Amino acid sequence: MSEKKRVDEPTGTETVGHEWDGIEELDTPMPRWWVWTFYATIIWAIGYVILYPAIPLVNSATEGVFGWSSRGDYAMQVAAREKELEPIRQALVSTDIRKLNGSPELLQQAIEGGRSAFKVHCVQCHGSGAAGSAGYPNLNDDDWLWGGDLEAIEYTLIHGIRNPDHDNTRFSQMPAFGRDGILQPGQIADLVSFVRTLSGKEKSSAAAGRGAGLFAENCAVCHGPDGKGSRDLGAPNLTDAISLYGLDRASLTNTITNSRYGVMPRWGQRLDPATIRMLAAYVHSLGGGETLPALEDVSEDTLDQVGDGARNIGTGNEQS
Amino acid sequence: MGLETSVPVMNNPENFPDPEVRLYEKRKAVHPQRIDGKFRRLKWVIMALTLAVYYITPWIRWDRGPYAPNQAVLVDLANRRFYMFGIEIWPHEFYYVAGLLVMAGIGLFLLTSAVGRAWCGYACPQTVWTDVFQHVDRFVDGDRNARMRLDKAPWTAHKTVRRLFKWSIYLFIAFWTGGAWIMYFADAPTLVVDFWTGQAAPVAYASVAILTATTFIFGGFMREQVCIYMCPWPRIQTAMMDENSLTVTYKDWRGEPRGSLKKAEAHPGSFGDCVDCNQCVAVCPTGIDIREGPQIGCITCALCIDACDRVMAQVGRPRGLIDYATLEDSELEMAGKPHSPIRKTLFRPRTILYTSIWCAIGLAMLFALGNRTRIDISANHDRNPVYVQLADGHVRNSYTVNLRNMENRPREMIIGMTALEGGVIWSNEGSREGAGQRLTTTVSADSVARLRVYVAAPGTGPEREDFALTVTAADDPEARDIDEVFFERPETD
Ligand code: SF4
Ligand code: SF4
């Protein structure tokens, strides 16, 4: 193309030699400061290479005078954030959990903190939406095995469930009625029929009638004569629509034959009290949290002091 | 362009010493001469107006009551609000700002197709500030010739002191330019105090520093180079102009061949009107020669018209050897015909089209502004979990609901729901006990409230049911908004 280079008459400037449909481009000289900015970028780059990690080596890169690294930067940010959050953690630990509802702002901060901590420590079993799965309770609903007020949730978190080496842990054990030969398979089938009638999954039948007797003898101790369960023993309510291991015949037969032994770690050992309190607040906030029983007994005055939050917390749906 | 020029070639390629220099070229300093005339006066007026708008606007007060700032024009980045007199724009209404920008763009198209680069010549900040700085030059170092002399003079103590003095004036102007800018982003009277007592946000100091530096460099030193090398607008304008756009034109058919008065006296009849006094070049703020024809360096400031008109008056020839003219008129004039009427030049399909688009957008925005509700709901169905089985057999769905109260007072709002068989609604502020079909909450002035709203309905029913959440202001049933959502249930076996 260079052979087409020519000098443009009116401007006296050479063209670059390209032509598009009669339109040509002038090869106007660049302003000199343009070159200076180019040199400036080179100097900048040299400084950058000296100060920051830049040249790749076999396993890493040159470190740079500043010793900057993205991991180090991250650690610094985390540390700074931790420091910022320290007062909240302090306030949280020093507040009586029964009065937490009285400070809506602190409660909200606890919930947000719990939301993050949950994603680290709890989602493995309970799922990222805290909806659980067979054997792992859904924390969004209004059915609680061991109690659903702030205090009870915190207790469960600290001491865990079925940690045999720990005295305060939540503990109970259902017998393996089939495996240990307490009941015969036929009896278990009858019992399954009866239990299913409790939550309306099956209509009453002769088998269920036989199962009722077996229930009174073997199960009512823990699950109560009407099957409503007991929170002291973590014995589930068999009459509601929610079940941890499933209410179909196969699952129920399995549960009665072999028993179940759901375990939750005792987080008191692993997490600091503030984080546990945050987790309790978060789990409680998911929609099924219950009112603290003690607060229902206190006088109106105290309630007013504690604020409206106390009355509003949870769904208060125990009766249903 | 169809304009045939008989102008002699000014810069011969032979004049370039060697190819190195042709790659990069040192800027040739421009020292425009003082001039007076009708366009210079127009430029003074426009400079005064634009600077006044720039400096005064943030100080205009506008009473918005106790919950909102009282600054008429305020870009409140921290709270994400944009205030312009009676209009308050929220981030989700940013399309109004986009609309304004589109109008500004079309306005420029209109201006350019009608009167050429009038923006560049009169109103562009680069032009206005360059003008200001050039007046500083004139004030400190005298007019063109004195400045050129001083430029060439060696760096004596005298020159150094003068330069330092001039640059400190540059810096002073640049600082006040940057300083005024930040007033648009915070309450101006408070910010001024904070700024000088060291309490303003670091970003305020940084902004002032950056704008001071850019003004100092662009206005003090880069000047016409910004227009020639950096600004995209001249390139776009070239495409916007046509044979009916007004532009500053040297009427070579009248002026050429040029010759001094003496020559003209010696050979009457063989020279044109141009007396080759170079006054048009001397006054040009971008340092070009308009007699070489239309060129990208010309910002159409029309100062050369003023200069030439003066000369023509002195030598007793008609004014307008350099004048605003359209290409079409130039050709008519060359052929000795009268100009087409100005009415026809200004009102042609192109300008009418731009004007109507401009008006249509403006009207649409006004209409939308007049009709917008200042209350708003947006609900998002929680996806994890999609639904929650409740102990009594009902199913619960949760929604993250944002309620916007765009008025400058706290407002009580009622969230309701449309047709969901057996459904009840409550929020994290309430409980399912006693929940009904609606709930009430108060949203503080000019803010968004985020609620977690729960809806429970019987477990039997379709797997997915559409319904809607509504919000109504308690004090005005007309102020309402609705958002369509759905309710999910487990699969029934
Ligand atoms: S060329 Fe660009 S910077 Fe120069 S006056 Fe025109 S719009 Fe402004
Ligand atoms: S040629 Fe004339 S109109 Fe163009 S920039 Fe120079 S003085 Fe202004």
Side-chain angles (χ1 to χ4, degrees), chain A residues 6-14 26-36 38 104 108 111 123 127-133 138-144 199-201 228 236-237 239-243 248 285-291 308-309 311-320, chain B residues 1 3 5 7-16 19-28 217 221-222 225 228-230 292-297 382-398 426-435 452-454 456 459 490 493:
Chain A
R6 58 176 199 89
V7 172
D8 173 62
E9 272 260 313
T11 56
T13 311
E14 199 175 45
L26 297 183
D27 197 3
T28 311
M30 296 276 265
R32 208 171 58 182
W33 53 261
W34 195 276
V35 203
W36 295 342
F38 177 59
Q108 195 52 43
I111 291 174
V123 292
S128 57
S133 60
N138 183 346
L139 304 174
N140 293 277
D141 64 25
D142 52 355
D143 190 25
W144 299 91
S199 53
K201 292 269 184 296
K228 291 218 167 187
N237 182 346
T239 64
D240 66 18
I242 298 171
S243 82
D248 56 289
S285 78
L286 288 172
E290 293 171 353
T291 319
D308 282 340
R311 264 178 281 210
N312 292 338
I313 199 92
T315 64
N317 203 29
E318 297 94 319
Q319 277 76 266
S320 53
Chain B
M1 303 213 160
L3 204 71
T5 53
V7 176
V9 175
M10 305 296 282
N11 309 326
N12 270 318
E14 293 84 65
N15 294 350
F16 288 116
E20 275 311 298
V21 183
R22 285 162 65 184
L23 270 184
Y24 301 105
E25 193 177 51
K26 185 174 189 285
R27 173 194 180 221
K28 292 181 206 74
I217 294 169
F221 303 94
M222 299 286 287
Q225 302 186 87
I228 293 173
Y229 297 114
M230 293 163 69
E292 288 174 12
Q295 51 203 287
I296 206 142
D382 277 11
R383 278 177 293 178
N384 189 7
V386 175
Y387 53 76
V388 173
Q389 173 71 60
L390 296 179
D392 64 352
H394 280 57
V395 170
R396 190 188 79 206
N397 281 212
S398 326
W426 74 100
S427 77
N428 57 318
E429 292 174 348
S431 79
R432 188 177 171 199
E433 231 164 71
R452 207 172 138 86
V453 165
Y454 300 109
D493 27 41

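Numbered from 1 within each chain, the chains take letters A, B, ... in sequence-line order. All values derive from a computational prediction rather than experimental measurement.
- Here the straight-line distance linking atom CH2 of A:Trp33 with atom CE of B:Met222 works out to 3.5 Å at 0.5 Å rounding.
- The two atoms that bring B:Tyr229 and A:Pro31 nearest to each other are CE2-CD, 3.4 Å, heavy atoms only.
- Heavy atoms only, all atoms of each residue included: B:Pro385 and A:Gly129 are closest at CD-O, 3.4 Å.
- Proximity to chain B (any heavy atom under 4.5 Å) is restricted, for A:Ser285, to the backbone atoms N, CA, C and O.
- For the atom pair A:Asp240 CG and B:Leu390 CG, the distance stands at 10.0 Å (nearest 0.5 Å).
- Side-chain contact between B:Arg396 and A:Asp142: absent, with no pair of heavy atoms (C-beta onward) separated by less than 4.5 Å.
- Atom CZ of A:Phe38 is surrounded by 12 or fewer heavy atoms from other residues, nucleotides or ligands within 6.0 Å.
- Here the OG1-CD distance, from A:Thr291 to B:Glu433, works out to 7.5 Å after rounding to the nearest 0.5 Å.
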Trace of the side chain to side chain contact (heavy atoms under 4.5 Å, CB included) decision for B:Gln389 with A:Asp143: CA-CA 9 Å; B:Gln389 173 71 60; A:Asp143 190 25; over 6 Å; no
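- With respect to chain A, the highest number of heavy-atom pairs below 4.5 Å among B:Asp382, B:Val388, B:Asn384 belongs to B:Asn384.
- A:Asn138 touches chain B through its side chain: at least one heavy atom from C-beta onward sits under 4.5 Å away, while N, CA, C and O do not.
- In this structure, CG in A:Asn140 is found 12.0 Å from OH in B:Tyr387, a value given to the nearest 0.5 Å.
- A distance of 16.0 Å separates CH2 in A:Trp34 from CZ in B:Arg27, rounded to the nearest 0.5 Å.
- From A:Ile242, atom CD1 reaches atom CG of B:Asp392 across 8.5 Å, with rounding to the nearest 0.5 Å.
- Neither the backbone nor the side chain of B:Arg383 has a heavy atom closer than 4.5 Å to any heavy atom of chain A.
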